[in-house]
There are 2 protein chains.
Amino acid sequence: MSKKVTIRDIAWLAGVSVTTVSQILNGKGERFSKKTQDKIFKLRDEYGYVPDFNARSLILRRSSSMIGVLVPNISSPFFGTFVEGVQEVAQHERMIPLIFSANRNAELEQNYLSQMLERSIDGLIIASATMTTDTIDKIIGARDVPYILFDQNYAQEGTRVLTDDYHGGELAAQHLADLGHRKIALLEPRELSENFTQRLTGFKDRLAKNNIKLDMAHDVVRTPLSRQGGYDAAEAVIQTGATAAFAGNDDMAIGLMRGLSERGIKVPDQVSVIGYDNIYLDEYVSPQLTTISQPITDLGIGAAKMLLNKIHSDQTQEQIQRFPVELIQRQSTARLHEA
Amino acid sequence: MSKKVTIRDIAWLAGVSVTTVSQILNGKGERFSKKTQDKIFKLRDEYGYVPDFNARSLILRRSSSMIGVLVPNISSPFFGTFVEGVQEVAQHERMIPLIFSANRNAELEQNYLSQMLERSIDGLIIASATMTTDTIDKIIGARDVPYILFDQNYAQEGTRVLTDDYHGGELAAQHLADLGHRKIALLEPRELSENFTQRLTGFKDRLAKNNIKLDMAHDVVRTPLSRQGGYDAAEAVIQTGATAAFAGNDDMAIGLMRGLSERGIKVPDQVSVIGYDNIYLDEYVSPQLTTISQPITDLGIGAAKMLLNKIHSDQTQEQIQRFPVELIQRQSTARLHEA
DNA sequence: TTGAAAGCGCTAACAG
DNA sequence: CTGTTAGCGCTTTCAA
């Protein structure tokens, strides 16, 4: 373990005091001779001196300059993209994002949360279905660490970014109705977080406006929120006799398409499928997936900006930022063939 | 911004010294009276005291318990999965991974690297094509922060995890040869990092053993390492007149398939396509992509374990851990139709 | 132009 | 049983 070079080492090497080194390296060295300054800079580069962040923030009472980001799974295109948006903003302010993929495991999430708190992060972005604001507040406790909720949270309150899920659901429903479908199946995740509730409600409401009714007992298939879940639901969807299906997100939709195709059902000729999210994968599956688009990177950017804003301004007022959704029509939906 | 309660506050409130508080709170308080202990604990809870991580690690010279992870893009299935593997191991040892997605931007990478170093991370996992060990060593400087190289690094030295890229290339070549293909195109990224060089060399060598020769001038298409790159290369591949193509990775292969299909070329009927990596996406594109599989999560786990090992044992000896590859045959390759 | 000294919040000898 | 003292590596008065 070769010792780390400290400011003292540099000072000693240069034959000056630590003050001198500190001042110069912090850009407050106008008052020192050019010669000294050069010497210090040279030494720093030569020995690869880097100030110790701990010591520094200890004295400067500066924050840790870290923000926590809790997502269900970083390997999914959706959250991967989201996180990149967050990182982009964070980097811009020299904040370090602590990214945790908690796999929808409540215990793990709370674990990560505590760990981040110990390290006095400045703020949090939480995308979690398993935690309520109550749980979060309890863990955060007395300190005031601001946080932004994102997506899939039951929260009825709290500052957060969101998209118009209700409207997204409406768009999906209208699209299928416009194509002439009357018998429609719905793929729901097992646990309905707020955003899913919204988009599914919008969907149902709009169907109703088109005089299409959804039989809650038979037309709704509940399955895990994953490609595998969609895949496994194929049989159930076929059983409903629907000519079109709306999946709660693209992952499920893609899995469903594959399941249908393996059972000899042609998409979209026999069954139209529409998803939700517009992950980049949609363009690469076959047929390309029709979906409702959410501006994923923008959501990440928006969440991060809001958080930083909250951190800096210290305002407690609850805010909500809403992002638009739109229908992206591709090849997985088609006009109903009259039988 | 409620001020933080310090150990001194607690000590003052309890009417004892800071030592007492420190000792008790750190589980070294057997020697103190039960009464005092209880009082301290109660006060801590009441005021929500949490030790300052900075001050703590400053004095304990305890590591930050953070490891840095530098990847090109976290939103890709490949690196997303890799990172999850890393995180799994890290969490197990209560280490926090600092994950950075540097987008193959050299300046950004170095930036992130410095930031991590400032925070005295305990170790690094670097997946970067743009940095050589020289650059890395320079930035790391005198400190000895152990690091593991992963994938795509030019490095001819340094502890690292890797897969047998050469053999992977061979497998791909043999597969195409076995299917009767004689005229084969190769999709290479613009910048050839070590692993690509290996897999492409293995590929060429094995073709040669099968008496198939690759015309470097015409059969090799260079294109960016991305789906878009593969997509854009479709025309060039068609021009080569090849009946099969090997893409340097799955992303390129998937893009290529789409490009071909949009130009009316049927895969695999007219052109077989084989990729490399076995990202989960492969099963969801159509036709499903034949590829050479790398155990991505295992690579992440392996890299993290090696790093932790290196951190703890303080051994300087260079190590290499090699992971197996295998051919995964799906639907994008087929026996050559005799014309 | 420079440096000595104080101190950030905490822990760890070493004395009582 | 408990407190005193001495720092960790750094920045910042304040004095020279």
Side-chain angles (χ1 to χ4, degrees), chain A residues 1-41 43-44 47-65 117-120 143, chain B residues 1-41 43-44 47-65 114 117-122 141-143 145:
Chain A
M1 196 74 123
S2 82
K3 64 276 170 181
K4 188 169 153 172
V5 324
T6 76
I7 199 174
R8 273 231 279 274
D9 300 328
I10 300 294
W12 186 84
L13 288 163
V16 299
S17 76
V18 293
T19 311
T20 309
V21 179
S22 173
Q23 297 285 41
I24 292 178
L25 259 26
N26 285 334
K28 296 172 185 167
E30 313 86 24
R31 51 190 191 138
F32 297 98
S33 71
K34 186 103 187 62
K35 216 178 92 189
T36 312
Q37 297 199 36
D38 290 347
K39 189 160 53 177
I40 300 301
F41 283 126
L43 247 20
R44 177 197 52 186
Y47 289 85
Y49 166 76
V50 185
D52 182 287
F53 191 86
N54 287 323
R56 206 138 195 267
S57 49
L58 176 58
I59 191 169
L60 294 179
R61 275 84 168 301
R62 239 227 249 88
S63 65
S64 60
S65 293
L117 251 31
E118 268 174 30
R119 288 163 192 265
S120 42
R143 358 170 159 215
Chain B
M1 196 79 116
S2 72
K3 69 251 162 199
K4 215 170 141 168
V5 328
T6 77
I7 198 174
R8 271 230 279 274
D9 299 330
I10 301 294
W12 185 85
L13 288 162
V16 299
S17 76
V18 292
T19 309
T20 310
V21 180
S22 172
Q23 298 285 41
I24 291 178
L25 258 27
N26 285 329
K28 297 173 184 167
E30 313 85 26
R31 50 191 191 139
F32 297 96
S33 73
K34 187 101 185 63
K35 215 178 95 190
T36 312
Q37 297 199 36
D38 289 347
K39 189 161 50 175
I40 299 301
F41 284 126
L43 247 18
R44 176 196 55 184
Y47 289 85
Y49 167 76
V50 184
D52 182 291
F53 193 85
N54 287 322
R56 204 134 196 268
S57 49
L58 177 59
I59 190 168
L60 293 181
R61 273 82 166 306
R62 230 232 252 89
S63 62
S64 56
S65 293
S114 306
L117 250 31
E118 272 176 26
R119 288 162 191 265
S120 38
I121 47 169
D122 299 322
R143 2 175 146 211
V145 176

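FYI, side chains are in, hydrogens and waters are out, and symmetry mates aren't considered; it's all heavy atoms of this structure. We name chains A, B, ... by the order of the sequence lines, and we start the count at 1 in each one.
In this structure, A:L60 atom CG and D:dT12 atom C1' are separated by 10 Å, rounded to whole Å. Distance B:I40 CD1 to D:dC1 P: 15 Å, rounded to the nearest Å. In this entry the distance linking CD1 of A:I59 with P of D:dG9 reads 14 Å, nearest Å. When rounded to the nearest whole Å, the span between CG of A:D9 and C1' of D:dG9 equals 10 Å. If you take CZ of A:R44 and P of D:dG9, they are 19 Å apart, rounded to a whole angstrom. Whole-Å rounding puts the B:R119 CZ to D:dG9 P distance at 19 Å. Taking atom CZ of residue A:F53 and atom C1' of nucleotide D:dG9, one finds them 14 Å apart after rounding to whole Å.
In terms of modelled atom types and a separation under 3.5 Å, the side chain of B:Q37 and the main chain of B:F32 share a donor-acceptor contact. Looking at A:S22, its side chain never comes within 3.5 Å of a backbone N or O of A:V18 through a donor-acceptor pair. Distance alone, capped at 3.5 Å, is enough to place a donor-acceptor pair between the B:D52 side chain and the B:N54 backbone. With hydrogens and angles disregarded, a donor-acceptor distance shorter than 3.5 Å links the side chain of A:S64 to the backbone of A:S120. Side-chain atoms of A:D38 never come within 3.5 Å of backbone atoms of A:K35 as a donor-acceptor pair (strictly under, hydrogens ignored).
At least one cation-pi condition fails for A:R44 and A:Y49: the charged atom is not both under 6.0 angstrom from the six-membered ring centre and inside a 45 degree cone around its axis.
A pairwise comparison of heavy atoms in A:L43 and A:A14 identifies CD2-CB, 3.5 Å as the closest pair. Here the closest heavy-atom approach between residue B:D9 and residue B:V5 is recorded as OD2-CA, 3.4 Å.
Expressed to the nearest 0.5 Å, how far CG of A:L13 lies from OH of A:Y47 amounts to 4.5 Å.
Taking 3.5 Å as the limit, the base of D:dT11 and the side chain of A:R56 contain no donor-acceptor pair of atoms between them.
If you walk DNA chain C from 5' to 3' and mark each nucleotide with an atom closer than 4.0 Å to a heavy atom of chain A, the marks span C:dT1 to C:dG9.
Taking the screw axis at each terminus of the helix from C:dT1-D:dA16 to C:dG16-D:dC1 from five consecutive base pairs, the angle between the two is 40° to within rounding of 10 degrees.
Taking only side-chain nitrogens and oxygens, B:K35 never comes nearer than 4.0 Å to OP1 or OP2 of D:dC1. A close approach under 4.0 Å does occur between a side-chain nitrogen or oxygen of B:S33 and OP1 or OP2 of D:dT2.
Residue A:K28 is classed as a sugar-phosphate contact, given heavy-atom separations below 4.0 Å to backbone atoms only. Within the nucleic acid shown, A:S57 has no heavy atom closer than 4.0 Å to any nucleic acid atom.
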Before you tell me yes or no, could you show the steps for A:Q23 and A:R31 under side chain to side chain contact (heavy atoms under 4.5 Å, CB included), namely the whole-Å CA-CA distance, both residues' side-chain angles and the distance that decides it to 0.1 Å? CA-CA 9 Å; A:Q23 297 285 41; A:R31 51 190 191 138; 2.8 Å; yes
Evaluation steps, side chain to side chain contact (heavy atoms under 4.5 Å, CB included), between B:I40 and B:V16: CA-CA 9 Å; B:I40 299 301; B:V16 299; 4.0 Å; yes
Checking A:I24 against A:K39 for the side chain to side chain contact (heavy atoms under 4.5 Å, CB included) test, could you report, in this order, the C-alpha distance in whole Å, the side-chain angles of both residues, the deciding distance, and whether it holds? CA-CA 10 Å; A:I24 292 178; A:K39 189 160 53 177; over 6 Å; no
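Within residues 19-26 of chain A, the residues approaching DNA chain C are A:T19, A:T20, by heavy-atom distance under 4.0 Å.
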